[in-house]
Amino acid sequence: MSSAQQLQPVLDRIDADFDNSLARLFDLLRIKSISADPAFAEDCKKAADHLARDIATLGFATEVRPTAGHPAIVAKANGGGKGRPHVLFYGHYDVQPVDPLNLWHRPPFEPAVTDHADGRKIIVARGAEDDKGQLMTFVEACRAWKSVTGSLPVDITIIIEGEEEIGSKNFVPFLEKNKAELKADFALVCDTGMWDRNTPAITTSLRGLVYEEVWIKAANRDLHSGVFGGGAQNPIRVLTKILGGLFDDNNRITIPGFYDGVKDLPPDILAQWSKLNLTAETFLKPIGLSVPAGEKDRLLIEQLSSRPTCDVNGIIGGYTGEGSKTVIPAQASAKISFRLVVGQDPDKIRKAFRDYVTARLPKDCKAEFGDHSSAPAIALDWNTKPLAAARRALTDEWGKEAILMGCGASIPIVSDFKRTLGLDTVLVGFGLDDDNIHSPNEKYDLTSFHKGIRSWARILSAFADAPKG
Ligand SMILES: [Zn+2]
């Protein structure tokens with residue numbers, strides 16, 4: 001029997017077993033696997049052990065492996081047989097801290113299905129979406145395949161880490177060290193979202209990041225503004241003038257060379273995105289805004305995902321305490337980040353920014369710079385067979401054409417997979433913008449969880465029937 005013929009009974013099994021799937025997700029959500037806080041290290045271990053035990057019941061050879069930080073899970077199962085692809089699925093069991101606790105409507109590690117204000121059924125708990133709910137959609141799809149057919153439709157390696165929320169700094173060396181045994185044809189990451197509640201999506205581009213800090217220094221000490229004001233340079237004035245000049249009247253960034261290498265979207269993608277009709281009304285109104293602040297000649301959706309940005313994330317300087325103090329500070333500083341798109345080189349952008357600041361310094365002022373982080377943008381090939389197969393499967397499940405979309409943020413693991421394992425990634429997820437990830441009252445729509453499981457069941461079938469590569 002082809003995997004397409006086996007699919008319907010697998011989908012039926014998912015529906016029939018859904019209450020149990022939910023119960024298994026709840027078991028995982030009850031574990032307080034907060035990676036950032038050393039007080040929860042045992043809970044992280046518990047989450048890894050719990051998941052490993054569960055995945056082992058699906059016929060995977062499963063191990064919990066130590067890293068220099070929280071452990072990782074590696075699980076492998078043969079299923080496909082000759083000619084079928086081998087996929088590497090990635091997820092993370094760690095979650096963000098839960099504070100401020102008083103803003104939660106219920107305890108964050110006591111999951112429950114509740115009613116959203118608009119009537120949707122939602123799963124509420126820390127990790128409900130990011131990433132426990134999302135990773136369990138894949139695990140549950142594997143379970144249904146295994147229980148109906150006795151095997152999996154393709155070869156699968158599952159890796160689940162416990163430090164995504166704190167930068168994966170021990171996981172990347174773990175990948176390097178174990179790259180020989182993590183060979184696969186391509187990777188799957190379930191940590192992204194849908195276009196909207198009814199429209200599935202595959203994320204095909206991720207913006208990069210350059211994060212800079214700049215200190216402007218003038219006099220050798222803080223000064224009395226009555227004695228020195230008018231005659232002495234004020235670093236806050238210098239800093240704000242330079243930062244104010246970063247944008248022109250059309251909200252384009254003025255740093256020379258900033259847009260070098262930035263390409264327009266392919267016409268078919270631009271046409272698809274225009275039809276999505278993302279408006280200020282729908283996107284900005286919920287956050288109390290009304291007019292897009294990016295380049296005036298670009299669609300809002302372009303401003304958010306396919307165009308580079310600059311944001312001042314913090315300004316520090318002078319007297320900020322109670323009351324007043326007539327001081328001219330000796331220094332002022334700012335934290336500035338740039339979201340990058342494909343074609344921009346993070347090192348060149350960093351240098352261009354530093355040159356821009358330095359060229360605008362008045363006499364007696366100097367600038368010092370600090371480099372916080374950088375990552376290039378990623379654009380995945382729009383035309384691979386796995387992507388086309390996943391797109392068809394998602395369209396079948398949701399009854400609506402799956403969108404190829406850009407993500408304004410970065411998911412560093414995608415470039416790590418490319419660099420260490422040579423793998424391209426297909427990014428499929430069922431999160432929604434209102435899931436409150438990293439915030440109080442994190443939720444996952446019950447529909448996201450249910451149809452997410454069904455989607456993966458279909459995607460695995462589509463991979464099995466598509467030729468390799
Ligand atoms: Zn997260």
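Both ligands and their constituent atoms are indexed starting at 1 by order of listing. Fair warning: this is a prediction, and the values are worked out from it, not measured in the lab.
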Under 3.5 Å, side-chain donor or acceptor atoms of residues 161-173 against the rest of the protein: list the pairs with distances, not counting sequence neighbours.
unit_1, atom_1, unit_2, atom_2, d
Glu161, OE1, Glu163, N, 3.3
Glu161, OE1, Glu164, N, 3.4
Glu161, OE1, Ser168, OG, 3.4
Glu161, OE2, Tyr90, OH, 2.6
Glu161, OE2, Ser168, OG, 2.7
Glu163, OE1, Asn170, ND2, 2.9
Glu163, OE2, His70, N, 3.2
Glu163, OE2, Asn170, ND2, 3.4
Glu164, OE1, His92, NE2, 3.3
Glu165, OE1, Gln96, NE2, 2.9
Glu165, OE1, His438, NE2, 3.1

Q: Dump the intermediate steps for side-chain hydrogen bond (donor to acceptor under 3.5 Å, both in side chains) on Lys121 and Thr114, then the final yes or no.
A: CA-CA 6 Å; Lys121 293 277 178 209; Thr114 67; over 6 Å; no

Q | Cation-pi check, Arg252 onto Tyr259 ring (under 6.0 Å, within 45° of axis) | A | yes

Q: Sort by chain and number the protein N/O/S atoms that are closer than 2.8 Å to the Zn ion (ligand 1), and list them.
A: Asp130 OD2, Glu165 OE1, Glu165 OE2, His438 NE2

**Q.** Which residues share a side-chain hydrogen bond (donor to acceptor under 3.5 Å, both in side chains) with Asp381, sequence neighbours left out
**A.** none

Q: Please answer whether the main-chain N or O of Ser151 pairs with a side-chain N or O of Thr149 as donor and acceptor at a distance below 3.5 Å.
A: yes

Q. What residues, two or more places apart in sequence or in another chain, satisfy ring pair (Phe, Tyr, Trp, His ring centres under 6.0 Å) together with Phe353?
A. Phe338

